[in-house]
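Data first, discussion second: the structure below is written as C-alpha cells.
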Amino acid sequence: MMKSFDERCYELLKQVPKGKVTTYKAIAEALGTKAYRAVGNAMNRNPNAPVVPCHRVVNSNGVLGGFAFGQAEKISRLAAEGVKVEQGKIKNFAECLYEFHP
DNA sequence: CGGTTGACCAAGT
DNA sequence: GACTTGGCCAACC
C-alpha cells in the first residue's frame, strides 16, 4: 500500500523528537525526492495539527518560513518545546536540527 | 490531462 | 542585505 507523498511527510515529521526541528529539504531528501515545495504544500493543505508537529519544520536557512496557524503560533510552540527563536530564525539552528536515521 | 499553485532552494543582480 | 530569476516536484482545479 503506497501512502501518498503527504502521508510520508507526516510519518517522517512524527519522528522528530520534541525540542528539535527539521527542514523541508531534509524531509524531501529523506523521501528520496526534491519536492521541497510539495512537502510544505502538504502541510498547508492539510495541517494534521494534533498528530503531526508541523511547527517543527523550518526552511533550510533556519528561517521559520510559514505556518497555517500563523507564524506567531509557530514561534510560541517551538519556544514551548525549548527551541529558541530570534527574529523569525531558529537560534542554534544546527543544534536543534534533527537528522533522520537511515 | 494541461496549467496553476506553493509553509522551498540556490544562485545571480 | 534585499530583490529577481530559474528550477524543482506533488497536489489541486
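Here is the naming used below: chain letters follow the sequence lines, and residue numbers restart at 1 for every chain.
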Any side-chain heavy-atom pair of A/V21 and A/V83 under 4.5 Å:
yes
Check the distance between C/dG6's C1' and A/Y36's OH and give it to me in whole angstrom.
14 Å
For A/F100, is the CZ atom crowded, meaning more than 12 foreign heavy atoms sit under 6.0 Å from it?
yes
Selection from B/dA7, B/dC9, C/dC9 that lies nearest to any side-chain heavy atom of A/K34
C/dC9
Could you work out which one of C/dA10, B/dA7, B/dC9 sits closest to the side chain of A/A35?
C/dA10
Roughly how many Å is it from CG in A/N41 to P in C/dC13, rounded to a whole number?
12 Å
Nearest to the side chain of A/A38, heavy atoms from C-beta on, is which of C/dA10, B/dA7, C/dA11?
C/dA10
Between B/dC8 atom P and A/M43 atom CE, what is the distance in whole Å?
12 Å
Rounded distance in Å - CZ (A/R45) to P (C/dA10)
14 Å
Nearest-Å distance for atom pair CG/P, residues A/L31 and C/dC9
14 Å
Listed nucleotide nearest any side-chain atom of A/F5, set C/dC9, B/dA7, C/dA11:
C/dA11
Are any of A/S60's side-chain N or O atoms less than 4.0 Å away from OP1 or OP2 of B/dC8?
no
Could you tell me the separation between the CD atom of A/E7 and the C1' atom of C/dA11, rounded to a whole number of Å?
13 Å
Run through A/N59, A/L97, A/V57 and flag the one making a side chain to side chain contact (heavy atoms under 4.5 Å, CB included) with A/T23.
A/L97
Please say yes or no: joined through hydrophobic side-chain contacts below 4.5 Å, possibly via intermediate residues, are A/Y98 and A/L12 part of one cluster?
yes
With a 4.0 Å limit, can you tell me whether A/N59 has a side-chain N or O closer than that to the phosphate oxygens OP1/OP2 of B/dC8?
yes
Specify the residue among A/R37 and A/D6 whose closest nucleotide of DNA chain C lies further upstream toward the 5′ end.
A/R37
For the pair made of CD1 in A/I27 and P in C/dA10, what is the distance, rounded to whole Å?
15 Å
Donor-acceptor pair, side chain of A/Y10 and main chain of A/A42, under 3.5 angstrom:
yes
What integer distance in Å separates A/K89:NZ from C/dG1:P?
7 Å
Please check the phosphate of C/dC9 (OP1 and OP2 only) for any side-chain N or O of A/T33 closer than 4.0 Å.
no
With respect to the phosphate group of B/dA10, does any side-chain polar atom (N or O) of A/K25 fall under 4.0 Å of OP1 or OP2?
yes
